[in-house]
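In what follows, a structure is listed as structure tokens, so that the remarks can point back to it.
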Amino acid sequence: MSLNAALRVSASGLTAERFRMDTISGNIANANTSSINGKDPYRRRTVLLTGDANGVQVQGVVVDGSELPTKIDYADPNHGPDGRVRVSNIQPVTEMVDMLSASRAYEANIAAFNSAKEMIKDALTIGKV
């Protein structure tokens, strides 16, 4: 693999992990939503990544179709006759673990990018006297 290819692969990893962090941030921001006027509350989203020799690409965003939990909340104006309201299927602890994972992957891609950049810089000084 050439050093330019290493830079390209690291850059694609940075882009993918940034998109992943943005998606996780959206999940955290909507963790406490409930159903409004019969519409489902916000559902958890995850990023589907694929990789090959050219780097990492965002394949898409997958909406979690699992059953939405309910809670009793008479203070919510959209509660049913039994006081139940459907809430988002987001678990903040899971989202924070995913955010930490994405952040660490982002940092690893920065380190790889900087290493390749330094190797290119050092290669340019070969032969200089």
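In this structure, the separation between CD1 on I24 and CE on M96 is 9.5 Å, given to the nearest 0.5 Å. To the nearest 0.5 angstrom, N114 atom CG is 11.0 Å from N109 atom CG. In this structure, L68 CG and R43 CZ are separated by 3.5 Å, a value rounded to the nearest 0.5 Å. We find the OG1-OH distance between T33 and Y42 to be 8.5 Å, quoted to the nearest 0.5 Å. In this structure, CE on M119 lies 6.0 Å from CG on L3, to the nearest 0.5 angstrom.
Heavy-atom minimum distance, E17 versus A105: CD-CB, 3.5 Å. Between V62 and L48, the shortest heavy-atom distance links the atoms CG2-CB, 4.3 Å. Taking every heavy atom of both residues into account, Y74 and G83 meet most closely at CE2-CA, 3.4 Å. When every heavy atom of A102 is checked against every heavy atom of M21, the shortest pair comes out as CB-CG, 3.6 Å. The two residues K71 and V87 have their closest heavy-atom pair at CE-CG1, 3.7 Å. For the pair A31 and P92, the tightest heavy-atom approach, listed with the atom from each and the gap, is CB-CG, 4.3 Å.
A chain of hydrophobic side-chain contacts below 4.5 Å, direct or via other Ile, Leu, Val, Met, Phe, Trp or Tyr residues, connects V47 to V56. Hydrophobic clustering, with ILVMFWY side chains joined whenever heavy atoms are under 4.5 angstrom apart, keeps Y106 apart from F113. V97 and I28 fall into different hydrophobic clusters, defined by Ile, Leu, Val, Met, Phe, Trp and Tyr side-chain heavy atoms under 4.5 Å apart, directly or through other members. Each of I110 and L7 belongs to its own hydrophobic cluster when Ile, Leu, Val, Met, Phe, Trp and Tyr are linked at side-chain heavy-atom distances under 4.5 angstrom.
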Please assess I120 against N4 for the test side chain to side chain contact (heavy atoms under 4.5 Å, CB included), listing each intermediate value before the final yes or no.
CA-CA 9 Å; I120 291 171; N4 286 336; 4.0 Å; yes
Passes side chain to side chain contact (heavy atoms under 4.5 Å, CB included), V58 versus R20? Steps please.
CA-CA 9 Å; V58 175; R20 195 169 148 223; over 6 Å; no
Please report the C-alpha distance between H79 and I72 in whole Å, then the side-chain angles of each, then the deciding distance to 0.1 Å, and finally whether the side chain to side chain contact (heavy atoms under 4.5 Å, CB included) criterion is met.
CA-CA 8 Å; H79 68 78; I72 295 176; over 6 Å; no
Side chain to side chain contact (heavy atoms under 4.5 Å, CB included) assessment of V85 paired with S35
CA-CA 7 Å; V85 63; S35 59; 3.8 Å; yes
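Using a 4.5 Å heavy-atom cutoff, the side chains of N78 and R86 are not in contact. Between S34 and D73, the closest side-chain pair of non-hydrogen atoms is not below 4.5 Å. R44 has its side chain within reach of E95: a pair of non-hydrogen atoms, C-beta onward, lies under 4.5 Å apart. Residues F19 and T23 have side chains in contact (heavy-atom distance under 4.5 Å, counting atoms from C-beta outward).
Of the possible donor and acceptor atoms, one in the side chain of S115 sits under 3.5 Å from a partner among the backbone N and O of A111. Side-chain atoms of T15 come within 3.5 Å of backbone atoms of A11 as a donor-acceptor pair (strictly under, hydrogens ignored).
A donor-acceptor pair shorter than 3.5 Å can be found between the side chains of S66 and D64.
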